Structures are given as structure tokens and as C-alpha cells.
Amino acid sequence: MTITTAGPRPAGESGPDGGGEGGGGTPARDRWFPLACYATGQLVLLGWWLALHPGLMSPDTVSYVRHVTTGPWTATHSVAYDALLRLSLRVTGDLSPVTLLQTTAMSAALAHLAGALRPDGPRRRWLVAAVGCAALLPPLGAFTVTMWKDVPFTICILLAAGTAAGIAARPRAGARHGDGTPPGATVPDGVPAPARPRPRGRAWDPRLAALGAELLGAGLFRNNGFVVALIAAALLIPLLPVARRWTAAVAAVAVAVPPLLMSVGYPVLGVAPPPRVFAYQTVFGDLAVAYAERPGLFDPGQRELLTGIAPIGTWLRGATCHTVSRVYFDPDFDGREAERRVSEVMDLWRGLLVRAPGVILDARLCRAALAWQVGSTAGEPGGELYRFSLRDPVLPPGWEGTPIAAVMRGRPLSEGLRAAALSALDAAGAHRLEWLLWRGALWCYLCYATAALARRRTGSRAVAAVAAVVCAQQLGVLLTNTAQDFRFMVTPIIAGVLLVPTFLREARALLSPR
């Protein structure tokens, strides 16, 4: 009798899920697998790009282009994304190269995450199919070709999830045991098999540099993205089998650089910092809800502060916990006065947080319903889900007839594909499908369930690492969300779709008789 240590199976031998597709598999197949995932995603996303060329736009897109053309260039949105648009306009005279680049980067992110999930056993064909589904789903395909800073932000978070999963995964195939015996070797009966090598807990892993760059990218492509990066790092440190001090150091750099650029770097480059009032939109939403629910919390001086910024009627009309736009973007809201008195506003908010924390917390939880509530909030004031602007954006006065206006008009490269894309988006927009296709809460919970099942059955931390990044996105929405906007929770939807094969495999193993 011999004992065979765990290791890669010979070519053709069945893996844990049967059919030779799970477990180790053949090296040749593993080499082609990432390319198959990338090619599948790129082919589908290229179809979306041809259909919606040069890409979907929104009022935010107009702001981006104004920053880098007529000016002034401010850091109210991502300076990094503005720079990409500026480079595209200068080199090509068009904006479509940016959305084409987004399809390439998203395809790479999908392939990277699928490759990180592969060692946990899902069949290759099912992971490739999951990548194709993620790219084909109308919300995700159209999102990828939209000129939003949230697209590269989402790509960076997906890349970080894949890198973290790779670091947290079990030792790679081919690693030698502690006594030098390669995996798969047999030992005589009665001699204990060499223990599986454990990752060196204090070693530097080069993949940490990639993880740091990806978290940094999240902070550069969305002004509050560093919050998600900070939460992700805190959740990942206990999961990654590398030195915690190295992980913390990499994360600290990734989190610190974006605020440092905002305060010091961008002004040196001539990019004006955003108004403080812009960064505190959620505070004004909190105050509107608090005043409507418990006006007795406000003394005469505090009420005078509110009326100096906007009439009381504006605060009451904007007192919906699902969005801040009804007060912050109200025509009677005096942004200049709010900017002048923003320190007083913050003192008022902090005082309410101490005296009535439940009111503020309730407002934040309600505004973060996009991340936590599976069902739709469309029947509640301000709860309508924002998706896409399918029409050409409204341009500022004086732009009509200019070269910039020409490149900001829809110019599909295939009318047939455009008709199919619009039809698919219309079908996906049915109210009954909102919980599945447009809201991230369900997919967050699927990620957590998959991580728990995988950890229970195999002890794998790879899926748990993906779930940690998804949880960071979910918690980040709780802290920073301004409205029920689909784009804020795209990461969990994509990660959830790619985890479906793993979830089904783990659920089947749990339910099958032993």
C-alpha cells in the first residue's frame, strides 16, 4: 500500500468535479484558459462598442470634457479619467478610443478574476461561459462602454479581487514539500506523507505590488475610491498568507496617495480642488432628513444656518433618504453660501451625530439601500434607480457646431447591432428584473455564501478574498452613497456572475450524499 500526496493529476484523470475538468487539469489547458476567457469577453464587449460607438454619455461626461477643453479643470471628478479623455482628444480627435480601451481592460479583468477562481475547481468551460454572460448582460455590457469614471474604478476593483484571490489561494501546483519531495510522489507504507508547504507568513509576495497598484487605481479613478481601498485592505490583511506589515504598507500607500494628490499634487498641475460643499453632499442629505423628521433637534441659530443656504421648503422637499439630489441640486440651494458656511454645517452635522445618531444612521442605511436591499425602492420618493442616458447629452451653450460637439454624438458603427443593443437594454429594464440585473445586493450575498461554502469544504481562502473586496464595495456605499445609482454597485454583480460556477459546485458537493 502506498500513500499519494496531494498534487496535480495526470492528464485525462478526473478532477474533483469529474470529467477531467476540475482539480489539476493539464498544463496546456491551463495555459490557454486565461486567453479563452479574455477573448470571450473582448469579442462580446467589442459588439457593445460597435453598437453604442463612441459610447454612452451622461451629464458627468460633459463635465469631464469641459474640464479638459474650455475649462476650468477642477478635481470634482477623477483627474485621471479626465486626463485619459484629454489624451484621446489630442491624439485622435475623438473620444471612442477611451471606451475601446475600457472594453480591453474589462476583458482582462474578467479573465484575471476567472483565472484566480480556477484553482478552486470550477470547470473551465463554465468559467468561460460565466465571463461571456457577464459581458453579454445588457447592464454590464453597456456600462463598460459608458464614459464614466466608475468604469475604470470598477475594473481596478475587479483586478484587485483577482490578485487578492491569487495570493490567498493554496500553494501553486509544482511547489515542493518541505523535504524536497515533489507533489504527487509516493512514499512507502508506514512513512507519513510530507506536509503540504505553508506560505511563508513573513515573506514579500511580488503580487502585493500589483494589488497596491490596483487599489491605488481605484482611488485615482473615483475621488472617494480610496475609502473602498481602505476597507478592502483592512478585510484582506487577515486573509492573505503574506506578511501583514507588507500588506498594510502597500495598502497605506494606495490609500494615502489620492488624498495627497487632491490637496497638493493637482493644484501644482493647475487643477483646482473641488469645492468642499461638493464633497459633503451626503451631509446636506442627512440634514434634510433630520430636519423633516425631528425639527426639535435644531435650535434657532441652526435653523437660521439652514435657511441661509436654502428655504425651509427646499429642505423639506429634499427630505427623502434615498437621494441627496432633491436638496443639493434644487435651484434654490445656494451653493456659494453653503461653501462659505461649510464649517458651520459640519459642526451642526457632528452635533446631530452625537445627539441623535439613530437619525443619521437611518438616513445612511436608507441611502445605501442599493447595496443592501435586494428588492426595488422605485415606489419610494427618490428611490428610482438611475441606469443609463441613452440619448446624446445636452451640451453647454456655444458648443453646438464645434468639433467637440461632433464627437459627443452617437455614431454607431453597426445599425443592426445598435438596434439589438437597445432592444436588449429595454428588455433588461423591466421592473421585475431590477433585483437581478441592476442591483448588487443579491450578488453580494451570493459571494458571501460561496465563500462560506468553499471555506467549509476545502479550506480555500481565495473566494473569501473576492468576497472581502465585494464587502468593501458594499460598505463603501454605506459611507459615501448619494443616490440609487446602478453604477455604484457593478463590481458585486460582475463578481457574483463569475462566482456562479463555484457556488453551484460547492452547493452540489454539500447536498450530494457522502
Side-chain angles (χ1 to χ4, degrees), residues 34 37-46 48-49 52 55-56 60-61 64 77-85 87-88 95-117 130-137 139-166 207 210-229 232 254 258 388 440 443 447 465-466 469-470 472-473 476-477 485-499:
C37 290
Y38 171 79
T40 299
Q42 183 66 83
L43 180 64
V44 176
L45 292 176
L46 184 61
W48 285 104
W49 184 78
L52 302 175
L56 296 181
D60 282 354
T61 311
Y64 307 157
H77 296 288
S78 165
V79 175
Y81 196 66
D82 287 355
L84 282 179
L85 295 178
L87 179 63
S88 180
L95 297 171
S96 58
V98 174
T99 49
L100 180 60
L101 178 62
Q102 287 174 186
T103 67
T104 302
M106 181 64 83
S107 302
L110 293 173
H112 181 56
L113 182 53
L117 296 173
V131 169
C133 285
L136 189 61
L137 285 176
L140 305 182
F143 169 79
T144 302
V145 295
T146 301
M147 290 182 199
W148 266 339
K149 62 186 182 298
D150 302 86
V151 178
F153 164 81
T154 300
I155 291 169
C156 288
I157 293 296
L158 289 172
L159 288 170
T163 301
R207 292 172 291 183
L211 179 62
E214 291 150 1
L215 294 177
L216 174 61
L220 294 178
F221 282 114
R222 204 164 84 185
N223 286 353
N224 57 20
F226 74 94
V227 175
V228 177
F388 297 111
W443 298 101
C447 290
V466 176
V469 176
V470 167
Q473 179 83 73
V477 168
D485 198 330
F486 150 76
R487 59 185 166 145
F488 296 151
M489 284 294 287
V490 174
T491 300
I493 300 177
I494 295 176
V497 171
L498 264 62
L499 278 172

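What you see is a predicted model, and the numbers here were worked out from it, not measured in a lab.
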For the pair Thr154 and Phe143, evaluate side chain to side chain contact (heavy atoms under 4.5 Å, CB included) and give the outcome as yes or no after the intermediate values. CA-CA 10 Å; Thr154 300; Phe143 169 79; 3.6 Å; yes

Looking only at atom types and distance, does a side-chain atom of Thr99 sit under 3.5 Å from a main-chain N or O of Gly55, one as donor and one as acceptor? no

State the CG-SG distance between Leu215 and Cys156, to the nearest 0.5 angstrom. 9.0 Å

Return the set of residues passing ring pair (Phe, Tyr, Trp, His ring centres under 6.0 Å) with Tyr81 (not counting sequence neighbours), or none when no residue passes. Tyr64

Output a table of donor-acceptor pairs, distance under 3.5 Å, between side-chain atoms of residues 106-117 and any protein atom two or more places apart or on a different chain; print 'none' if there are none.
from, atom 1, to, atom 2, distance (Å)
Ser107, OG, Gln42, N, 3.0
Ser107, OG, Thr103, O, 2.8
His112, NE2, Leu159, O, 3.4
His112, NE2, Thr163, N, 3.1
His112, NE2, Thr163, OG1, 2.9

Could you walk me through whether Arg222 and Ile157 satisfy the side chain to side chain contact (heavy atoms under 4.5 Å, CB included) test, starting with their C-alpha distance in whole Å, then the side-chain angles of each, then the deciding distance to 0.1 Å, before giving a yes or no? CA-CA 11 Å; Arg222 204 164 84 185; Ile157 293 296; over 6 Å; no

Would you sort out whether Met147 and Val98 count as a side chain to side chain contact (heavy atoms under 4.5 Å, CB included), showing the intermediate values? CA-CA 8 Å; Met147 290 182 199; Val98 174; 5.5 Å; no

Out of the candidates Thr144, Val145, Thr146, only one should pair with Trp148 under the side-chain contact (heavy atoms from CB on, under 4.5 Å) rule; please name it. Thr146

Ring pair (Phe, Tyr, Trp, His ring centres under 6.0 Å) filter on Trp48, not counting sequence neighbours, yields none

If you round to the nearest 0.5 Å, how far is OG1 of Thr104 from CG of Leu45? 9.0 Å

Once you round to the nearest 0.5 Å, how far does CG of Asn224 lie from OG of Ser78? 11.0 Å

Under the 3.5 angstrom rule, does the side chain of Glu214 hit a backbone N or O of Leu158 as a donor-acceptor pair? no

